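Heavy atoms only: backbone and side chains are in, while hydrogens, waters and symmetry mates are out. Note that the coordinates shown come from a computational prediction; the quantities given were computed from them, not determined experimentally.
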Amino acid sequence: MSNKKIIVIGGSAAGPKAAAKARRMDEFAEITMFQKAPDLSMASCGYPYFVGGFFDDRNKLLCTPTGVVRDPKFYWNAKGIVAKVNTEVTRIDRERKLVEYTNLETGEKGSQEYDKLVITTGATPNMPPIPGVELEGITTLQSMQDADYLRKVRDDGKIKKAVVIGGGLIGIETLEALHLAGIELTLVELLPQLLVFLDWKMAKLVENYLKTKANVITKNGVSEFVGENGKLTAVKLQNGTEIPCELAVVAIGVRPNTKLAKEAGLNIGELGGISTNEFMQTNDPDIYAAGDCCEVKNLITGKNVLAPYGDLANLQGRAVGENTTKGNIAKFPGTIQTGICKLFDYGVGITGLSETKAIEAGFDYERVLNASPDKPGFMDGKLLITKLVVDRESRKILGAQVLGPGDVSKQLAIWRLPLKVN
């Protein structure tokens, strides 16, 4: 019997985790990982901190806890996994069970057969469909190349004014990173509030705090990027205001990267992500998918959501690694969507449903608000504001929002446990 051939498309979070778990489950499998980018296993949630100068060594985003960079040499020597970087898979042939690929450096093309295929193609940043998006000085913060670009901006110190477009997690963390570089900043959000996963009044507290660090504009989108000689000089808002700047960071969300899957005839869900079952298996029994390219089930509402979080990608990747080698034995049941971010001296986090989402899902609920220190005053406790959303009949906690200068993470860890309010 020949060794099982496993191909993984994508080398960020879910892909490397799936490949590594498959290797632990099957020491003889032939495992190949294709990565379009030059780097592997990037700690993307660390990008703003690299840009902001919390640390200076780029390799910290790519290395193991012992400091070894996860490059193709590492994957072969430590795990027996062939990792091909700068290599794009261009087609999946389900009938012949092979993938076609192109080396982006040399142009060399090739194909490779699989017994089991794993799609972890991630997500693509949204860009506003407005004039001027091609100007120099406009970027996202989605890739290592983006992080390198913004870190160089920080280190060069030439840019004095920047606009961050989008008031979500990435936008606000980018705001902090650029603020540390001494850049004058404006944050622009089209919606009436920042951090739409929070309820309005909770988000307003965050907005008021951020206004002490930067100019914050809500209910106003960008209509045009203005430039001279191919370089960005200003951002024009929908109300006609022009904000002079030399840098614009677009952080208006991401969309699942499903082109390969769609062209191969795999099922795509209503939200635009790849559809999988509880084993992360697509409608083709030999093809699995994991990470930001997938839709996942919200365990509270039972409905599918897009949840592009690194921790979920890793959990899904582990399940896929087991299932591609041992059959469908590992389930990924879904998510309650726990997220946390740091904004200067503030922490912000949510687990489960906001009040807005509870209304959408049709729950009969009560809400509870509390403001208290994260530890006793004699231990220099810092304020945390907590909002709970509780199912009226079952008394089950549907969601918790926590923010303030105190330790948000410990509270969130407690609220996300399956507890009831007495």
Say whether D374 and Q411, considering side chains only, have a donor N or O and an acceptor N or O under 3.5 Å apart.
no

E189 side chain to L191 backbone, donor-acceptor under 3.5 Å
yes

side-chain hydrogen bond (donor to acceptor under 3.5 Å, both in side chains) between S354 and Q401: does it pass, once the steps are laid out?
CA-CA 7 Å; S354 64; Q401 299 164 66; 5.2 Å; no

Distance-only polar pair, side chains of T282 and D284, donor-acceptor under 3.5 Å
no

Does any N or O in the side chain of N103 come within less than 3.5 Å of the main-chain N or O of T87, such that one atom is a donor and the other an acceptor?
no

Is the side chain of K158 donor-acceptor paired with the backbone N or O of D155 at a distance under 3.5 Å, no angle test?
no

Crowded around K382 NZ? As in, over 12 foreign heavy atoms under 6.0 Å?
no

I need the I243 CD1 to N215 CG distance, nearest 0.5 Å.
6.5 Å

Which residues pass the salt bridge (charged side-chain N to carboxylate O under 4.0 Å, His left out) test with K36, sequence neighbours left out?
E88

Apply salt bridge (Lys or Arg N to Asp or Glu O under 4.0 Å) to residues D286 and K116 and explain how you reach the verdict.
CA-CA 5 Å; D286 292 320; K116 299 291 180 183; 2.7 Å; yes

Quick test of your reading of the model: are K331 and E322 salt-bridged, counting only N-O distances below 4.0 Å?
no

Applying salt bridge (charged side-chain N to carboxylate O under 4.0 Å, His left out), name anything that partners E100, two or more places apart in sequence or on another chain.
R91

Determine, for F74 and K79, whether the Lys NZ or Arg CZ falls below 6.0 Å from the six-membered ring centre while staying within 45 degrees of the axis.
no

Min side-chain heavy-atom separation Y114-I287 under 4.5 Å:
yes

Least distance between heavy atoms, I274 atom then A261 atom
CD1-CB, 3.6 Å

Is it the case that the side chains of T140 and D146 hold a donor-acceptor pair, with the cut-off being a distance below 3.5 Å and no angle test?
yes

Is there a donor-acceptor contact under 3.5 Å from the side chain of Q142 to the main chain of A123?
yes

In this structure, which one of I172, V206, L169, L205 forms a side chain to side chain contact (heavy atoms under 4.5 Å, CB included) with V348?
V206

Whether over 12 other heavy atoms sit under 6.0 Å from K375 NZ
yes

When you compare the side chain of V402 with that of W415, does any pair of heavy atoms fall below 4.5 Å?
yes

L247 vs V163, test: side-chain contact (heavy atoms from CB on, under 4.5 Å). Steps then yes/no.
CA-CA 6 Å; L247 173 70; V163 174; over 6 Å; no

Please check if any side-chain donor atom of S275 sits under 3.5 Å from a side-chain acceptor atom of E295, or the reverse.
no

Answer whether the closest heavy-atom distance between the side chains of T335 and L299 falls below 4.5 Å.
no

Near E393 CD, under 6.0 Å, is it more than 12 heavy atoms from other residues, nucleotides or ligands?
no

Donor-acceptor check, side chain of Q35 to backbone of G11, threshold 3.5 angstrom: yes or no?
yes

Would you say R367 has more than 12 foreign heavy atoms packed within less than 6.0 Å of its CZ?
no

Checking T218 side chain against Q193 main chain: does a donor-acceptor pair fall under 3.5 Å?
no

Check the pair N298 / Q337 against side-chain hydrogen bond (donor to acceptor under 3.5 Å, both in side chains), numbers first and verdict last.
CA-CA 7 Å; N298 183 294; Q337 288 181 278; 2.9 Å; yes

Could you go through D56 and R151, starting from their C-alpha distance and side-chain angles, then the distance that decides it, and tell me whether this counts as salt bridge (Lys or Arg N to Asp or Glu O under 4.0 Å)?
CA-CA 9 Å; D56 298 323; R151 177 61 194 235; 2.5 Å; yes

Can D148 and R58 be said to form a side-chain contact (heavy atoms from CB on, under 4.5 Å), step by step?
CA-CA 8 Å; D148 289 336; R58 180 186 193 270; 2.8 Å; yes

Between E242 and A234, which heavy-atom pair has the shortest distance, and what is it?
OE1-CB, 4.0 Å

Does the pair R395 and E366 meet the rule for a salt bridge (Lys or Arg N to Asp or Glu O under 4.0 Å), with working shown?
CA-CA 9 Å; R395 313 302 290 162; E366 295 178 18; 3.5 Å; yes

If you count heavy atoms of other groups shown closer than 6.0 angstrom to NZ of K387, is the number above 12?
yes

Give, for atom CH2 of W200 and atom CG of L195, the distance between the pair rounded to the nearest 0.5 Å.
14.0 Å

Sub-4.5 Å side-chain heavy-atom contact between P128 and V250:
yes

Within the 4.5 Å heavy-atom criterion, are L190 and N220 side-chain neighbours or not?
no

Donor-acceptor contact below 3.5 Å, side chain T258 vs main chain K262
no

Salt bridge (Lys or Arg N to Asp or Glu O under 4.0 Å) assessment of K342 paired with E173
CA-CA 7 Å; K342 173 188 167 295; E173 289 189 336; over 6 Å; no

Can any side-chain N or O of K326 pair as donor or acceptor with the backbone N or O of N328 at less than 3.5 Å?
no

Assess R392 against Y365: is NZ or CZ under 6.0 Å from the centre of the six-membered ring, and within 45 degrees of the ring's axis?
no

Please determine whether side-chain contact (heavy atoms from CB on, under 4.5 Å) holds for the pair I92 and I9, giving the CA-CA distance in whole Å, both sets of side-chain angles, and the decisive distance to 0.1 Å.
CA-CA 10 Å; I92 299 167; I9 306 172; 4.1 Å; yes

Does a sphere of radius 6.0 Å around NZ in K297 hold more than 12 heavy atoms from other residues, nucleotides or ligands, not counting ones at 6.0 Å or beyond?
no

Could you tell me how the ring of Y209 sits relative to the ring of Y346: parallel (under 30°), tilted (30 to 60°) or perpendicular (over 60°)?
parallel

Any donor-acceptor pair under 3.5 Å linking the side chain of E176 with the backbone of F344?
yes

Hey, mind stepping through T356 and D199 against side-chain hydrogen bond (donor to acceptor under 3.5 Å, both in side chains) and telling me if it holds?
CA-CA 6 Å; T356 307; D199 287 319; 2.9 Å; yes

Quick check on K211: does its NZ atom have over 12 non-hydrogen neighbours (other residues, nucleotides or ligands) under 6.0 Å away?
yes

Minimum heavy-atom separation for A22 to T324, with atom names?
CB-OG1, 4.2 Å

Testing the basics here: between C293 and I119, what is the closest heavy-atom pair and its distance to 0.1 Å?
SG-O, 3.7 Å

Ignoring hydrogens and angles, tell me if any N or O in the side chain of S223 forms a donor-acceptor pair with the backbone of K236 under 3.5 Å.
yes

Atom of L40, atom of D71 and distance for their closest heavy-atom approach
CD1-C, 3.9 Å

Quick one, L117 with Y288, criterion side-chain contact (heavy atoms from CB on, under 4.5 Å). Give me CA distance, side-chain angles, the key distance, then yes/no.
CA-CA 6 Å; L117 179 66; Y288 293 76; over 6 Å; no

More than 12 non-hydrogen atoms from neighbouring residues, nucleotides or ligands closer than 6.0 Å to CD on E184, yes or no?
no

Is any side-chain heavy atom of T186 closer than 4.5 Å to one of I217?
yes

Minimal non-hydrogen separation, A83 against P72, with atom names:
O-CB, 3.4 Å

